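Data block below; observations after.
Below, chains carry the letters A, B, ... as their sequence lines are ordered, and counting in each starts from 1. Because the structure is a prediction, the values reported are computed rather than measured.
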Amino acid sequence: MMRTHTCGELRKSAVGTRVCLCGWADTVRDHGGLIFIDLRDRYGLTQVIFDPADSREAWDVAQSTRGEYVIRIEGVVEARPDNMVNTKLPTGEIEVRSSVIEVLNKSKTPPFPLDDEQAAKVSEDLRLTYRYMDLRRQRMLGNLVLRHKLLQAARNYLDALHFTEVETPILTKSTPEGARDYLVPSRVMPGTFYALPQAPQQYKQLLMVSGLDRYFQVARCFRDEDLRADRQPEFTQIDLEMSFITPEDIYGVIDGLLAAMMKTAGLGELALPIPRMTYADAMSRFGSDKPDLRFGMELTDLSELFKGTQFKVFGGVLEKGGVVKAINAKGLAAVPPRAIDDWTAMVKEAGLGGLAYIRVQDDGAWKSPIVKFFSDAEKAGLQEKLQIQNGDLILFAADKPAVVHVALGRLRLLSGAMAGAIPQNKFAFTWVTDFPLFEKNDEGQLQSMHHPFTAPRPQDLPLLETEPLKVCAQAYDIVLNGVELGGGSIRIHDPDTQASLFKVLGFPPNEIEERFGHLIRAFSFGAPPHGGLAIGADRLVMLLAGCESIRDVIAFPKTQKAMDMLMNAPAKVDARQLRDIHIQSVVAEPEGEKK
RNA sequence: GGGGACAUAGCUCAAUUGGUUAGAGCGCCGCCCUGUCACGGCGGAGGUUGCGGGUUCGAGCCCCGUUGUCCCCGCCA
């Protein structure tokens, strides 16, 4: 028998028992006589003591043991004397007196320290190059275990609600209207390509046509776009779809799912139902379609107040149908000029002409380049609407609503963080509902905001071909702490509505047939009304684990250039492999590397 | 595609205005030490300052380029 116990389970009740433990030498403390080895495995840490009087042979081996050696020990569990109990360890009341030690494997000196406090500062590329070492840390192991437990909880919850997990293909067809696809050349059909799925969207809808009724999948998805702290090129969704439902059914299922996962993470009872707000409200009040509701500092509409104002910048914008809005950055009156400069550059990038502000000094005086243009009534109105107190900083934006919202939404997050207004141990979920069905792309053409199978709200159907931008979708996002966790919609299930939507989007008939013909055909055989949603599993785990990067909850993540530092992927392949799949690279080989 | 930050010992960092032999803590190696748990003490080894070029009497430091990592904008139906 290799081991009788793990390194995390021995307690006082085991005193007197003969045990075998296996694990890694976490630290070796050699006192010349006594030697202490903290033996570590996934489950914890147990102190093992070697006394030359017990076994000189074992003591010799213990003395030559180094950090990260893999060892197996045999010994007897002893209670520690009262004054030597280590209260920092769950196993701190006992130790194992060992007379048998076997080195199962030696280890080179680790490339970086493995204790969580020091490892947190180590450069991430080194951690990724030696990811298997990084994952030995309790923190990282804990993240992987939590991820597993959360997904397990999700599976149990959905199974109890009669959802069936179905695996859908990884080699599938390109869907050019979404993100950039990862392509896989076909060997058998020269010149053709599979694509890796951006989401199992069409398959899960086809499963509804099949009558599966309730589908889910812990699904790997692939999108060839640039990375962020919360975006990886391959990521995992908890993807689900249901038949014969209304949006209320989705809210109910997901509310319960998230509550179950919060509980599993040890984060207590989530108050249900999760609050909802419309997309229009989210944009107007928070300047974002994924509002962070952990703090206030909402956007305040001042358009009424400044109607007919003498201040030409605001007046001019209002005459052209724009809006004037502001946020009160509580307590930031003394923010350095440098910050205002940075923020000004940021809002200009967002399309604003400039950033107007008022510093409300401690003596109550308003220090501002624009206040001299305000009437007494306007000042009084500001005071009242923005609840201005000494020490506040007021930030104004005046332009078209879309520009004002984006600019102030970003300022709200930046200034809120700077003011320390964002509580860190809070979980503020919200649904964002009633998204527009369409948006205009850079070329001014209509495109689906979600995807082209999203159903319009029934009451908006008459507007579909006349005023498409006013049509709201039966689409909803679930948001946590300003992060888009997931989204979904009720789908179009009747071919007529689908056809008229394609028409509005301006898809030519031959293209519709080529790209969506299979789906339309399927829907012509009796598709049930259906809808669903997908949750970004990595993001959810990241937030519930209290991590700042999605990479910390993925076992083997990629760098910002989508490199796998451990495997060194992507990499060149043999010319033979390329020939087989009928691919020729147009990238010039550097001199000296030609074969 | 764009903006920003960083790159010095195995790790984390320091190095005055451009000026002697590039330092510290941790780790590593050796010796000592019988109750430590971040053990302690003494000693030691360890550097092409990411790479390439330039300016200069002289470059870790200034300039240009390049590579890599991270953050953000664009992008992400």
Query raised in the report: Think A:Arg539 forms a cation-pi with A:Phe235, using NZ or CZ under 6.0 Å from the six-ring centre and within 45 degrees of its axis?
Result: no
Query raised in the report: For atom C1', what is the distance between B:G47 and B:C11, given to the nearest Å?
Result: 14 Å
**Report entry** Minimum-distance nucleotide (side-chain atoms of A:Leu126 versus B:G74, B:U69, B:C11)
**Finding:** B:C11
Query - Between A:Tyr279 and A:Asp477, a side-chain donor and acceptor under 3.5 Å - result: no
Query raised in the report: Just checking, any donor-acceptor pair under 3.5 angstrom between side chains of A:Gln205 and A:His493?
Result: no
Query raised in the report: When all nucleic acid strands are considered with a 4.0 Å heavy-atom cut-off, which category describes A:Arg66: base, sugar-phosphate, or nothing?
Result: sugar-phosphate
Query raised in the report: Hey, which of A:Phe523, A:Tyr215, A:Phe453 is the one that makes ring-ring contact (aromatic ring centres under 6.0 Å, His included) with A:His530?
Result: A:Phe523
Query - Sugar-phosphate, base or nothing in reach of A:Arg127, heavy atoms under 4.0 Å - result: nothing
Query raised in the report: B:A15 and B:G53: how far apart are their P atoms, nearest whole angstrom?
Result: 27 Å
Query raised in the report: If only side-chain N and O atoms of A:Arg228 are considered, is one of them under 4.0 Å from the OP1 or OP2 phosphate oxygen of B:C73?
Result: yes
Query - Toward the 5' end of RNA chain B, by each residue's nearest nucleotide, A:Glu95 or A:Thr109 - result: A:Thr109
**Report entry** C1' gap between B:A9 and B:G54, integer Å
**Finding:** 28 Å
Query raised in the report: Can you find a donor-acceptor N/O pair under 3.5 angstrom joining the side chain of A:Arg223 to the base of B:C76?
Result: no
Query raised in the report: Closer to the 5' end of RNA chain B via nearest nucleotide, is it A:Lys290 or A:Met563?
Result: A:Met563
Query raised in the report: Using atom P of each nucleotide, how far apart are B:G41 and B:C51 to the nearest Å?
Result: 36 Å
Query raised in the report: Which one is paired to B:A24, where only Watson-Crick or G-U wobble pairs with both distances under 3.5 angstrom count?
Result: B:U12
Requested in this report: For B:U20 and B:G10, measure between their C1' atoms and round to the nearest Å.
Outcome: 28 Å
Query raised in the report: Could you state the CD-P distance from A:Gln63 to B:C33, rounded to the nearest angstrom?
Result: 10 Å
Query raised in the report: Which whole-number value in Å describes the distance from A:Gln198 CD to B:C75 P?
Result: 16 Å
Query raised in the report: When the distance from CD of A:Gln237 to P of B:C76 is rounded to whole Å, what number comes out?
Result: 16 Å
**Report entry** Side-chain N,O (A:Ser549) to OP1/OP2 (B:C70) below 4.0 Å
**Finding:** no
Could you list the protein-to-nucleotides 37-40 of chain B atom pairs, N/O on both sides, closer than 3.5 Å?
from	atom 1	to	atom 2	distance (Å)
B:C37	O4'	A:Arg29	NE	3.1
B:C37	O2	A:Gln47	OE1	3.1
B:C37	O2	A:Asn86	ND2	3.1
B:C37	N3	A:Arg80	NH1	2.6
B:C37	N4	A:Arg80	NH1	3.4
B:C37	N4	A:Met84	O	2.6
B:A38	OP1	A:Lys88	NZ	3.2
B:A38	OP2	A:Lys88	NZ	3.0
B:C39	OP2	A:Arg29	NH1	3.2
B:C39	N4	A:Asp30	O	2.5

**Report entry** Residue A:Pro113, side-chain heavy atoms: nucleotide from B:C75, B:C11, B:C71 that is nearest
**Finding:** B:C11
**Report entry** Separation of atom CD in A:Glu439 from atom C1' in B:C76, rounded to whole Å
**Finding:** 12 Å
Report task. To the nearest Å, give me how far apart CE (A:Met449) and C1' (B:C76) are. Result -> 13 Å
Query raised in the report: Distance between the P atoms of B:G19 and B:A38, in whole angstroms?
Result: 42 Å
Query - Under 3.5 Å side-chain donor-acceptor pair for A:Arg491 and A:Gln498 - result: no
Query raised in the report: Can a salt bridge be assigned to the pair A:Asp226 and A:Arg231 using a cut-off of 4.0 Å between side-chain N and carboxylate O?
Result: no
Query raised in the report: Which part of the nucleic acid does A:Gln232 contact within heavy-atom distance under 4.0 Å: base, sugar-phosphate only, or nothing?
Result: nothing
Query raised in the report: Is A:Glu124 salt-bridged to A:Arg551, going by a charged N under 4.0 Å from an acidic O?
Result: yes
Query raised in the report: Atom CH2 of A:Trp59 and atom P of B:G35: how far apart are they, to the nearest Å?
Result: 14 Å
Query - A:Asp125 side chain, from C-beta outward: closest of B:G35, B:U69, B:G74 - result: B:U69
Query raised in the report: Hey, does A:Glu349 reach any base, or is it just sugar-phosphate, or nothing, if we go heavy atoms under 4.0 Å?
Result: sugar-phosphate
Requested in this report: Measure the distance from CG on A:Leu45 to C1' on B:U36 and round it to the nearest whole Å.
Outcome: 13 Å
Requested in this report: Please state the C1' separation for the pair B:C73 and B:G18 - nearest whole angstrom.
Outcome: 37 Å
Query - Quiz item: A:Arg410 side-chain donor-acceptor pair to B:C73 base, under 3.5 Å - result: no
Query - Between B:U56 and B:C61 - P atom distance, rounded Å - result: 16 Å
**Report entry** Residue pair A:Asp494 / A:Thr497, side-chain donor-acceptor N/O under 3.5 Å
**Finding:** yes
Query raised in the report: Does A:Arg180 get its side chain close enough to the base of B:G74, under 3.5 Å, for a donor-acceptor pair?
Result: no
Query raised in the report: With sugar-phosphate meaning primed atoms plus P, OP1 and OP2, does A:Met346 contact a base, only sugar-phosphate, or nothing at under 4.0 Å between heavy atoms?
Result: nothing
Query - A:Gln118-A:Asp115 side chain donor-acceptor pair, cut-off 3.5 Å - result: yes
Report summary line: Across all chains, not counting sequence neighbours, the side-chain hydrogen bond (donor to acceptor under 3.5 Å, both in side chains) partners of A:Glu68 are A:Arg40, A:Arg136
Report summary line: Applying the 3.5 Å cut-off to both distances, the Watson-Crick or G-U partner of B:C29 turns out to be B:G43
Query - Stacking check A:Phe112 vs B:C11 (5.5 Å / 30 deg) - result: no
Report task. Scan every strand shown for a Watson-Crick or G-U wobble partner of B:C6, both distances under 3.5 Å, and answer none if you come up empty. Result -> B:G68
Query - Whole angstrom value for the distance that separates C1' of B:U36 from CD of A:Glu78 - result: 15 Å
Query raised in the report: What is the pairing partner of B:G19, taking Watson-Crick or G-U wobble pairs with both distances under 3.5 Å in any strand?
Result: B:C57
